[in-house]
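What follows is a set of notes on a single structure, which appears directly below.
Note that the numbering runs from 1 along the sequence shown for the chain.
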Amino acid sequence: MKRYLIELALCITLYMCACMAAAWLRSNLAISPVWQPVIALLPMVPGACFLLIIMRYFRRIDELERRIQAESLMFSFSGTAIITFSYGFLETAGFARLSMFCVWPVMAILWSIGYFVSKRRYQ
């Protein structure tokens, strides 16, 4: 767990640095339209490392923790699908359009709820 947290902290630090670098580049340099998508996606390079770190963590945990995590992720995946589709239909009824940046917090909150419920179930 300690190694996972160190790797995760390093990845988050690199991600924040990449976000700040991309913001600085966009605001301080005249960037050609060809390079704008590249600069905008710069934070996703360390962001992709999250996937590798989480997959390695998942492979290291024991079977019970893996089951709890799987149940949590299934709850999060299904709940996020229901919430985002519901809100998509509400947008057609005049509700404000939301950014895709809103999806990740929904997934994280639902994963946390799913984890808490699954963890208590196996105690």
Who clusters with Leu98? Use side-chain heavy atoms, under 4.5 angstrom, across I, L, V, M, F, W and Y, and order the result by chain and number.
Tyr87, Leu90, Phe95

Could you grab the distance from atom [atom1] of [X] to atom [atom2] of [Y], nearest 0.5 Å is fine?
X: Arg59; Y: Ile54; atom1: CZ; atom2: CD1; value: 12.0 Å
X: Ile109; Y: Thr80; atom1: CD1; atom2: OG1; value: 9.5 Å
X: Arg66; Y: Ile61; atom1: CZ; atom2: CD1; value: 6.0 Å

Would you list the pairs meeting salt bridge (Lys or Arg N to Asp or Glu O under 4.0 Å) in which at least one residue belongs to residues 75-98, sequence neighbours left out?
Glu91-Arg97

Could you give all pairs that pass the salt bridge (Lys or Arg N to Asp or Glu O under 4.0 Å) test and reach residues 14-25, with sequence neighbours left out?
none

Inspect the surroundings of CZ in Phe101 and state if more than 12 heavy atoms from other residues, nucleotides or ligands are less than 6.0 Å away.
no

Considering non-hydrogen atoms only, spot the tightest contact between Ile39 and Pro43 and give its length.
O-CD, 4.0 Å

Any pair with a residue in residues 99-113 that passes side chain to side chain donor-acceptor pair (under 3.5 Å), sequence neighbours left out, goes on the list, sorted by first then second residue, please.
Gln69-Trp111

Write out all pairs satisfying side chain to side chain donor-acceptor pair (under 3.5 Å) with one or both partners inside residues 29-52, taking only residues at least two apart or from two chains.
none

Applying side-chain hydrogen bond (donor to acceptor under 3.5 Å, both in side chains), can you list everything that pairs with Tyr115, at least two apart in sequence or on another chain?
Glu65

So Phe75 and Ile113, do their side chains get closer than 4.5 Å, heavy atoms only?
yes

Sequence neighbours left out, what passes ring pair (Phe, Tyr, Trp, His ring centres under 6.0 Å) with Phe116? Give chain and number order.
none

Going by ring pair (Phe, Tyr, Trp, His ring centres under 6.0 Å), name the residues that satisfy it together with Tyr57, two or more places apart in sequence or in a different chain.
Tyr4

Would you kindly confirm whether Ile31 and Val38 end up in one hydrophobic cluster when ILVMFWY residues are joined by side chain heavy atoms under 4.5 Å apart?
yes

When clusters are formed by joining ILVMFWY residues with side-chain heavy atoms under 4.5 Å apart, either directly or through shared neighbours, do Leu41 and Leu29 land in the same one?
no

May I ask you to check if Arg67 and Tyr122 form a cation-pi contact, with NZ or CZ under 6.0 angstrom from the six-membered ring centre and within 45° of the axis?
no

Could you tell me whether the side chain of Ser76 and the main chain of Ser72 form a donor-acceptor pair under 3.5 Å?
no

Mind listing the side-chain donor-acceptor pairs of residues 46-53 below 3.5 Å, one per line with the distance, residues two or more places apart or on another chain?
none

For Arg121, which residues count as a salt bridge (charged side-chain N to carboxylate O under 4.0 Å, His left out) partner, sequence neighbours excluded?
Glu71

Under 3.5 Å donor-acceptor pairs involving side-chain atoms of residues 5-26, not counting sequence neighbours:
from	atom 1	to	atom 2	distance (Å)
Glu7	OE1	Arg56	NH2	3.1
Glu7	OE2	Arg3	NE	3.1
Glu7	OE2	Arg56	NH2	2.2
Thr13	OG1	Ala9	O	2.8

Who are the side chain to side chain contact (heavy atoms under 4.5 Å, CB included) partners of Ile83, not counting sequence neighbours?
Val106, Leu110

